[in-house]
Amino acid sequence: MSFTRIGANITALQSLNELMKVNKKIGVGLLRLSSGKRINSVGDDAAGFSLARGLEARRRSLTQAMQNVGTAKNVLTIAEGAYLAVSDLLQVIKEKTVMGADDSFNSDQRQAIEGQIDALVAEIDSIVTESSFQGTALIDGTFTGKVFQTGAAAGDIFTVALAAADSATLGVSNLQVDSAANASTAIAAVDAAINTLNTNAQAVGEYLVRLSSKENNLATTITNTESARSRIEDADFASEIGRAHV
């Protein structure tokens with residue numbers, strides 16, 4: 001290297017080049033510190049950018065799937081409450097049919113008991129009509145084969161079917177206690193209805209257990225996916241601080 005050549009200050013040009021390199025490194029470091037990301041454009045790391053975008057899309061899809069699981073649980077919780085309400089009414093109806101099966105009651109008293117039973121049966125049907133989610137009836141027998149998307153892939157679905165709980169389906173729409181014999185028949189019908197309701201409620205409980213398991217798995221998967229994306233895309237604070245002070 002010569003400091004005596006005239007017309008071209010090579011040393012100054014070399015210094016300028018080095019200064020530009022240092023400024024570029026500092027600029028990159030400051031950009032990463034301000035954005036929090038190691039990859040701010042495709043040119044920073046084309047392969048890493050592609051991987052990070054794919055992981056981000058997966059995380060967002062999984063997050064939506066977990067919201068879908070929450071919605072499904074809300075639907076089933078409403079159905080569960082309705083089944084239990086109907087079950088409570090059936091328990092009262094059972095008491096009334098047992099009363100009617102006793103020959104110590106006269107015809108007028110039996111008629112009064114049957115009137116009470118009819119009112120309770122009407123309330124059952126009212127509960128069935130009112131039990132809905134966003135306008136969709138839940139326990140009238142039409143909520144079958146309903147699909148909830150509970151994962152990021154096309155096949156990650158959860159299918160739900162809710163049995164009908166109206167009085168005509170659980171066989172209590174026309175109970176009679178005008179005689180001990182008819183009341184005895186009514187008792188058997190109510191017992192069958194209670195057993196059916198318990199089975200329906202149990203099915204809802206099993207759905208809820210499965211959905212809770214899916215929810216926990218989704219939460220773990222979302223965390224792991226975000227961690228993988230972060231390792232690829234996010235800036236390392238300590239490393240970038242050093243870069244910014246080169």
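Atom set for the values below is all heavy atoms of this structure, side chains included, hydrogens, waters and symmetry mates excluded. The model shown is predicted, which means the values in this text are computed figures rather than measured ones.
In this structure, the separation between OG on Ser107 and CD on Glu114 is 11.5 Å, given to the nearest 0.5 Å. Within the model, atoms CG of Leu218 and CG of Leu62 stand 6.0 Å from one another, a figure rounded to the nearest 0.5 Å. With rounding to the nearest 0.5 Å, the separation of CD1 in Ile117 from CD in Glu95 is 11.0 Å. Rounding to the nearest 0.5 angstrom, the gap separating the CD atom in Glu80 from the CD1 atom in Ile78 is 11.5 Å.
Considering only residues two or more places apart in sequence or on other chains, Thr185 meets the side-chain contact (heavy atoms from CB on, under 4.5 Å) condition with none of them. Every residue was checked against the salt bridge (Lys or Arg N to Asp or Glu O under 4.0 Å) condition with Lys96, not counting sequence neighbours, and none meets it. Applying the salt bridge (Lys or Arg N to Asp or Glu O under 4.0 Å) rule to Asp108 yields no partners; only residues at least two apart in sequence or on another chain are considered. Partners of Arg58 according to the salt bridge (Lys or Arg N to Asp or Glu O under 4.0 Å) rule, which considers only residues two or more places apart in sequence or in another chain, do not exist here. Judged as a side chain to side chain donor-acceptor pair (under 3.5 Å), and not counting sequence neighbours, Asn198 has no contacts. In this structure, the side-chain contact (heavy atoms from CB on, under 4.5 Å) partners of Gln109, at least two apart in sequence or on a different chain, are Phe105, Asn106. Residues forming a salt bridge (Lys or Arg N to Asp or Glu O under 4.0 Å) with Lys73 (at least two apart in sequence, or on another chain): Glu215. Not a single side chain to side chain donor-acceptor pair (under 3.5 Å) links Thr199 to another residue, sequence neighbours left out.
Across Asp166 and Ala164, no two heavy atoms sit closer than the pair OD1-CB, 3.5 Å. Here the shortest heavy-atom pairing between Leu55 and Thr225 reads O-CG2, 3.4 Å. Considering every non-hydrogen atom in both Ala79 and Leu162, the closest pair reads CB-CD1, 3.7 Å. Taking each heavy atom of Ala65 and Gly151 in turn, the nearest pair found is CB-N, 3.5 Å. Considering every non-hydrogen atom in both Leu138 and Phe143, the closest pair reads O-CB, 3.3 Å. Looking at every heavy atom in both residues, Ala101 comes nearest to Ile187 through CB-CD1, 3.9 Å.
Under a 3.5 Å cut-off, the side chain of Glu226 and the backbone N or O of Arg59 do not form any donor-acceptor pair. Judged by distance alone, the side chain of Asn216 and the main-chain N or O of Ser213 form no donor-acceptor pair under 3.5 Å. Between the side chain of Thr97 and the backbone N or O of Lys94 there is at least one donor-acceptor pair closer than 3.5 Å. Counting only distance, with no hydrogens or angles, the side chain of Ser227 and the backbone of Thr223 share no donor-acceptor pair below 3.5 Å. Remark: side-chain polar atoms of Thr136 are not paired, donor with acceptor, to backbone N or O of Ser132 under 3.5 angstrom.
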Can you give each donor-acceptor pair under 3.5 Å made by side-chain atoms of residues 83-93, sequence neighbours left out, with the distance rounded to 0.1 Å?
unit_1: Tyr83; atom_1: OH; unit_2: Ala163; atom_2: N; d: 3.0
unit_1: Tyr83; atom_1: OH; unit_2: Ala163; atom_2: O; d: 2.5

Anything under 3.5 Å between a donor and an acceptor, one on a side chain of residues 171-180, the other on a protein residue two or more places apart or in another chain? List them.
unit_1: Asp178; atom_1: OD1; unit_2: Asn182; atom_2: ND2; d: 2.7
unit_1: Ser179; atom_1: OG; unit_2: Asn182; atom_2: N; d: 3.1
unit_1: Ser179; atom_1: OG; unit_2: Asn182; atom_2: ND2; d: 3.4

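Taking the charged nitrogens against the carboxylate oxygens, Arg53 and Glu56 have no contact shorter than 4.0 Å, which rules out a salt bridge. Ion pairing between Arg110 and Asp102 fails under the 4.0 Å rule for side-chain N and carboxylate O.
Among residues at least two apart or in separate chains, ring pair (Phe, Tyr, Trp, His ring centres under 6.0 Å) pairs with a member in residues 144-194 are Phe158-Tyr207. Pairs engaging residues 162-189 under the ring pair (Phe, Tyr, Trp, His ring centres under 6.0 Å) rule: none recorded [sequence neighbours left out].
Judged purely by distance below 3.5 Å, without hydrogens or angles, the side chains of Gln67 and Thr71 never pair a donor atom with an acceptor atom. A donor and an acceptor atom, one from each side chain of Ser167 and Asp125, are located under 3.5 Å apart. Using modelled atom types, one finds no donor on one side chain facing an acceptor on the other under 3.5 Å when comparing Asn74 with Thr77.
Within 6.0 Å of the CD atom in Gln111, the count of heavy atoms belonging to other residues, nucleotides or ligands does not exceed 12.
Annotation: side chain of Thr150 is not in contact with side chain of Ile157 (no heavy-atom distance under 4.5 Å).
Linking ILVMFWY side-chain heavy atoms closer than 4.5 Å, directly or via other members, places Val98 and Leu197 in two distinct hydrophobic clusters.
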